[in-house]
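Shown next, in structure tokens, is the structure this report addresses.
We name chains A, B, ... by the order of the sequence lines, and we start the count at 1 in each one.
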2 protein chains.
Amino acid sequence: MELHQLRYFCAVARTGSFTRAAIEEGVAQPSLSQQIVKLEQTLGAKLFDRLGRSIQLTEYGRTLLPQALAILRQVNEARSTLESLRRGVGGNLSVGCIPTLTPYFLAPRLSDFAHRFPDVELQDRGTGWRPRMR
Amino acid sequence: MELHQLRYFCAVARTGSFTRAAIEEGVAQPSLSQQIVKLEQTLGAKLFDRLGRSIQLTEYGRTLLPQALAILRQVNEARSTLESLRRGVGGNLSVGCIPTLTPYFLAPRLSDFAHRFPDVELQDRGTGWRPRMR
DNA sequence: TAATATTACGTATTACGTAAAGATT
DNA sequence: AATCTTTACGTAATACGTAATATTA
């Protein structure tokens with residue numbers, strides 16, 4: 001399983017065509033087709049049903065697709081994170097969140113952010129908001 | 001950026017040594033060293049400080065490491081998901097969650113699960129629990 | 001000098017492109 | 001017949017291993 005194979009797979013899934021996928025990926029159709037076959041062999045599962053001209057994802061393909069997208073997204077994220085680090089990250093960003101969501105939704109994301117950009121200082125400035133007590 | 005390069009990178013980071021990493025990965029040292037250099041070139045950033053015998057992650061390396069691990073984890077997850085699908089998934093699993101967490105914590109994970117194992121039926125059996133109203 | 005990383009170079013794998021064949025509407 | 005995918009095959013890129021060199025404790 002290689003990254004370019006996952007890219008090709010996603011392109012075929014998205015376009016529904018080996019030809020269009022090859023054009024988008026900038027490779028020859030046969031090359032792309034080979035890589036898909038190879039991916040299928042290494043995974044031990046057919047990813048597409050070839051119905052003449054049209055293509056349809058198999059159950060395996062439908063299972064792999066979101067994961068492949070997630071992998072590629074994460075690869076791009078890694079690239080852009082390093083790129084940000086090279087250029088330096090600047091600017092100013094304020095984030096708000098209702099208290100109920102803070103521990104489960106906001107906190108882990110802030111934690112990831114702090115991990116990724118260790119040079120960005122985070123501050124809790126509060127909201128000034130208080131529950132009505134009267 | 002290739003998957004095997006990320007594997008090599010993580011191995012070096014974990015072992016702190018090109019030699020030990022090469023042994024673990026089952027390749028010759030120079031080959032592994034080359035791939036690390038190549039990875040550094042494509043990313044445009046040095047990942048390790050070479051201090052004679054010992055190796056230390058640079059800031060770029062420290063930034064990349066968790067992302068590389070996440071990518072490899074996701075790749076393995078994709079593999080094992082397909083493997084599970086090939087073997088068929090069986091058994092019986094009950095999941096509980098306090099109401100406060102359900103929408104933000106449990107729901108998206110169940111959604112992912114349902115997406116990954118479309119043949120597994122999910123049921124909400126309730127908890128029998130009710131808030132005290134007296 | 002012993003241990004480790006890099007450089008140099010030859011080899012084998014493999015991804016790719018072109019051309020031809022097969023298949024479906 | 002036209003369009004799309006697969007197969008066949010030659011080429012170019014590249015990952016790998018061996019050998020030699022450099023570097024440090």
Hey, can you pull the donor-acceptor pairs under 3.5 Å for the side chains in residues 1-10 of chain A, sequence neighbours left out?
{"from": "H4(A)", "atom 1": "NE2", "to": "Q35(A)", "atom 2": "OE1", "distance (Å)": "3.1"}
{"from": "Q5(A)", "atom 1": "OE1", "to": "E2(A)", "atom 2": "N", "distance (Å)": "3.0"}
{"from": "Q5(A)", "atom 1": "NE2", "to": "Q35(A)", "atom 2": "OE1", "distance (Å)": "3.0"}
{"from": "R7(A)", "atom 1": "NE", "to": "E25(A)", "atom 2": "OE1", "distance (Å)": "3.2"}
{"from": "R7(A)", "atom 1": "NH2", "to": "E25(A)", "atom 2": "OE1", "distance (Å)": "3.4"}

Determine, for R87(A) against E83(A), whether the closest basic-nitrogen to carboxylate-oxygen distance falls under 4.0 angstrom.
yes
Calculate, to the nearest 0.5 Å, the distance between atoms [atom1] and [atom2] belonging to [X] and [Y] respectively.
| X | Y | atom1 | atom2 | value |
| --- | --- | --- | --- | --- |
| S17(A) | E24(A) | OG | CD | 9.0 Å |
| F113(A) | L106(A) | CZ | CG | 11.5 Å |
| N76(A) | Q67(B) | CG | CD | 11.0 Å |
| L82(A) | E59(B) | CG | CD | 10.0 Å |

Could you walk me through whether L43(A) and Y60(A) pass the side chain to side chain contact (heavy atoms under 4.5 Å, CB included) check?
CA-CA 10 Å; L43(A) 295 176; Y60(A) 296 102; over 6 Å; no
Contact list please: residues 13-23 of chain A against DNA chain C, heavy atoms, distance less than 4.0 Å, in numerical order.
none
Let me know the distance between [atom1] of [X] and [atom2] of [N], rounded to the nearest Å.
| X | N | atom1 | atom2 | result |
| --- | --- | --- | --- | --- |
| I36(B) | dA15(D) | CD1 | P | 12 Å |
| L39(A) | dT6(D) | CG | P | 13 Å |
| L3(A) | dA15(C) | CG | C1' | 15 Å |
| Y8(A) | dT5(D) | OH | C1' | 17 Å |
| L32(B) | dT7(C) | CG | P | 14 Å |
| Q41(B) | dT7(C) | CD | C1' | 13 Å |
| F9(B) | dA15(D) | CZ | P | 18 Å |
| H4(B) | dT14(C) | NE2 | P | 12 Å |

Any base atoms under 4.0 Å from F48(A), or only sugar-phosphate, or nothing? Heavy atoms, all strands.
nothing
Can you work out whether E2(A) or Q29(A) has the more 5'-proximal nearest nucleotide on DNA chain C?
E2(A)
Got L32(B) and V12(B) here, is their nearest side-chain heavy-atom distance under 4.5 Å?
yes
Can any side-chain N or O of [X] pair as donor or acceptor with the backbone N or O of [Y] at less than 3.5 Å?
| X | Y | answer |
| --- | --- | --- |
| T81(B) | E77(B) | yes |
| S31(A) | V27(A) | no |
| S111(A) | A107(A) | no |

Distance check: side-chain N/O of S33(B) vs OP1/OP2 of dT6(C), anything under 4.0 Å?
yes
Give me the distances for all protein-to-nucleotides 22-25 of chain C N/O pairs that come in under 3.5 Å?
{"from": "dT25(C)", "atom 1": "O2", "to": "R53(A)", "atom 2": "NH2", "distance (Å)": "3.3"}

5'-most contact on DNA chain D: V37(A) or S54(A), nearest heavy atom basis?
S54(A)
Of the non-hydrogen atoms in A13(B) and L65(B), which two are nearest, and what is the gap between them?
CB-CD1, 3.8 Å
Would you list the pairs meeting salt bridge (charged side-chain N to carboxylate O under 4.0 Å, His left out) in which at least one residue belongs to residues 43-53 of chain A, sequence neighbours left out?
E40(A)-R50(A)
How bent is the helix from dT1(C)-dA25(D) to dT25(C)-dA1(D), measuring the angle between the end axes built from five pairs each, rounded to 10°?
30°
Report each atom pair, protein N/O against N/O of nucleotides 8-14 of chain D, whose distance is under 3.5 angstrom.
{"from": "dC9(D)", "atom 1": "N4", "to": "Q34(A)", "atom 2": "NE2", "distance (Å)": "3.4"}

CA sep, side-chain torsions, deciding dist, call: I55(A), T15(A), side chain to side chain contact (heavy atoms under 4.5 Å, CB included):
CA-CA 9 Å; I55(A) 293 288; T15(A) 63; over 6 Å; no
